[in-house]
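Here the structure comes first, spelled out in structure tokens, and everything after it is commentary.
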There are 2 protein chains.
Amino acid sequence: MYKKVARREDIIQAAIEVFSKKDFQSASISEIAQRAGIANGTIYQYFKNKEDLFFSIPVEKTNEFRSQVALHLEGITGVFNKIRKFVWYFLYFFKNNPEYGRLLMLELRVNRSFVKTETYDFLKQSVRSVWDIIEEGQKEGVIRTDVDIYVLRHLVLGILEHMVSRWLLKDAQYDILEHHQQVSRILIDALRGGIPVAVD
Amino acid sequence: MYKKVARREDIIQAAIEVFSKKDFQSASISEIAQRAGIANGTIYQYFKNKEDLFFSIPVEKTNEFRSQVALHLEGITGVFNKIRKFVWYFLYFFKNNPEYGRLLMLELRVNRSFVKTETYDFLKQSVRSVWDIIEEGQKEGVIRTDVDIYVLRHLVLGILEHMVSRWLLKDAQYDILEHHQQVSRILIDALRGGIPVAVD
DNA sequence: TATCAATTATGAACATAATTCATTTTTATT
DNA sequence: AATAAAAATGAATTATGTTCATAATTGATA
């Protein structure tokens, strides 16, 4: 290896700055190159094309989200406590990473090419914890089994992603964490269904 | 008025056909013009630019959705029966209009410019019925009031939009209507909260 | 330190596609 | 048939992603 490949990071950093202000279409390669202090062509030494560069941006943050979710759930006992923590951390994370949120929620998550990438697989893994928690609850008998687990996952991720998306489209004007307890409350009621609260 | 303005409809029709196969970026004005049997420049007599044309596509369908939701809810008594019907019709509509779904769910709904258009206002109005139903339920005392109504709306629209989006990204391979009863069930449990079922 | 080859960077040239606008064609009215 | 308003045209312009032949840089070697 000759020169350090820190150059690749420079380009991604410049791309983050440009893409967080403009969307995929209006962000230009020239602007990214200029901000990175390199020539246009150099970008194509490191990335196949504009989309490849675009898709490379969220890799790091996605890994951060994934490991942090696991860390925050560590040591917590009780399925519903885990749900509460997941809800809180999900909203907390996007509150603190709105640029990543914009990229992920408003562009990548609905992009047919992106959902085929490895990064998206990583994302699914992190969100897999929701599945695990629900399964655990069903085994313990505290989460309903009369509803398909896919539907329950749609419920949890649906409200969270919807909240974050709408919040971002309203320019993150209000505090998205404000109602996290209410969100947990209704989700738990939905997941529990008719099962009464255990009194041990 | 000289010539009929049905020409505008021709362009929109051609645009629908092209945009349902390709996304905003890869659909070209030339292809739309060709399919409409006109010259490129003519499109700009009717639309400000490519985005304006793109945003004009969903107007008709959005109005159809709006009026049909109202029609389907007509005459139904009981807040939870209305919820069930809304859930069913929402999924039913997108099952039968996947191209519109792709446009709306995967492109427009997350587009910052689109959410400022009049068409989006129309859409919000149709979805406003969710708000009305919840409010009605709260007044009747069958829907919880310990949770912000915005959060309850996020819950309902969140799961529905999430289901439709993921279904479309999976190329509409399975039957999205299959679980509509389960969806209604968990939503009702969530909306009711601790309030017991009325026995009248 | 000079040389050299592998690596990396360059930016003008190219390709594609949106948009403009001076001109032409069509339409309705007299 | 003459006329003017309206509509359509498509070549020219503009904008931008991508390529590639050439130049510059780097680190090993003598």
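Bear in mind that the values here come from a model prediction, so they are computed numbers and not experimental data. First the proteins, then the strands, lettered A, B, ... as listed; each starts at 1.
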All pairs passing ring-ring contact (aromatic ring centres under 6.0 Å, His included) where residues 122-146 of chain A contributes a residue, at least two apart: A:Trp131-A:Tyr150

Nearest-Å distance for atom pair OH/P, residues B:Tyr46 and C:dT19: 18 Å

Geometric class of the A:His162/B:His154 ring pair [parallel <30°, tilted 30-60°, perpendicular >60°]: perpendicular

Distance-only donor-acceptor check, side chains A:Asp132 and A:Ser129, under 3.5 Å: no

Strand contacts (DNA chain C) in residues 48-58 of chain B, 4.0 angstrom heavy-atom criterion: B:Asn49, B:Lys50

Which residues share a salt bridge (charged side-chain N to carboxylate O under 4.0 Å, His left out) with A:Glu140, sequence neighbours left out: none

Ring geometry between B:Phe19 and B:Phe24 (parallel below 30°, tilted from 30 to 60°, perpendicular above 60°): parallel

Any pair counted as salt bridge (Lys or Arg N to Asp or Glu O under 4.0 Å), so long as it reaches residues 65-86 of chain B, sequence neighbours left out: B:Lys82-B:Glu136

A:Arg8 CZ to C:dT7 C1', straight-line distance once rounded to whole Å: 17 Å

N/O (side chain, A:Arg7) to phosphate O (OP1/OP2, C:dA9) under 4.0 Å: yes

Selection: residues 18-45 of chain A, any non-hydrogen atom under 4.0 Å of DNA chain D: A:Ala27, A:Ser28, A:Ile29, A:Gly41, A:Tyr44

Those residues that, when tested against B:Arg153, pass salt bridge (charged side-chain N to carboxylate O under 4.0 Å, His left out) (two or more places apart): none

CA sep, side-chain torsions, deciding dist, call: A:Tyr100, A:Thr62, side chain to side chain donor-acceptor pair (under 3.5 Å): CA-CA 9 Å; A:Tyr100 172 72; A:Thr62 300; 2.8 Å; yes

